[in-house]
Amino acid sequence: MENRTALETLSTRVSDILQKYHSLKGENEMMRSELATLKAEKDLKDQEIERLNDENTMKDLEIEEIVSKIETILG
């Protein structure tokens, strides 16, 4: 077993902690980026859903008008 001074041991541990910190920092940035991308995709999907709901509402109104016209014609 090699004899290491307390300073060498401390230095090694600090280096390990710094390496872990930088690794986690990079991982955190990747997750933030992915989260931003997912939020943007969600917003686009929400907009598309809203557009389709509006379109369905307009189609329903159109169908009601057609039914009303048919009922008027049939008396």
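Computed over heavy atoms, backbone and side chain alike; hydrogens, waters and symmetry mates excluded.
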Subject >> Criterion side-chain contact (heavy atoms from CB on, under 4.5 Å) on Glu34 and Thr37, from CA distance to verdict >> reply: CA-CA 5 Å; Glu34 184 177 353; Thr37 300; 5.6 Å; no

Original post:
Around atom CZ of Arg32, are there more than 12 heavy atoms of other residues, nucleotides or ligands at under 6.0 Å?
Top reply: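 No, not enclosed.
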
**OP:** Answer yes or no: does atom CD of Glu55 have more than 12 heavy-atom neighbours from other residues, nucleotides or ligands under 6.0 Å?
**Re:** yes

Atom pair [atom1]/[atom2] of [X] and [Y] - distance to nearest 0.5 Å:
{"X": "Ile66", "Y": "Glu62", "atom1": "CD1", "atom2": "CD", "result": "5.5 Å"}
{"X": "Gln19", "Y": "Ser15", "atom1": "CD", "atom2": "OG", "result": "8.5 Å"}
{"X": "Glu71", "Y": "Glu64", "atom1": "CD", "atom2": "CD", "result": "10.5 Å"}
{"X": "Ile17", "Y": "Thr12", "atom1": "CD1", "atom2": "OG1", "result": "11.0 Å"}
{"X": "Ile70", "Y": "Glu65", "atom1": "CD1", "atom2": "CD", "result": "12.0 Å"}
{"X": "Gln47", "Y": "Ile49", "atom1": "CD", "atom2": "CD1", "result": "10.5 Å"}

Subject >> Leu44 and Glu41, any side-chain heavy atoms less than 4.5 Å apart >> reply: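 Side-chain contact under 4.5 Å: no.
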
Original post:
Could Lys42 and Asp46 be called an ion pair, given the rule that one side-chain N must be under 4.0 Å from one carboxylate O?
Top reply: yes

Original post:
Do NZ/NE/NH1/NH2 and the carboxylate oxygens of Glu48 and Lys45 come within less than 4.0 Å?
Top reply: no

Original post:
Counting N and O atoms only, with roles assigned by atom type, does the side chain of Ser33 sit under 3.5 Å from a partner on the main chain of Glu29, one being a donor and the other an acceptor?
Top reply: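 No, the answer is negative, given that no donor and acceptor are paired below the 3.5 Å cut-off.
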
Subject >> In one Ile/Leu/Val/Met/Phe/Trp/Tyr side-chain cluster, 4.5 Å: Leu10, Leu18 >> reply: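 Yes.
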
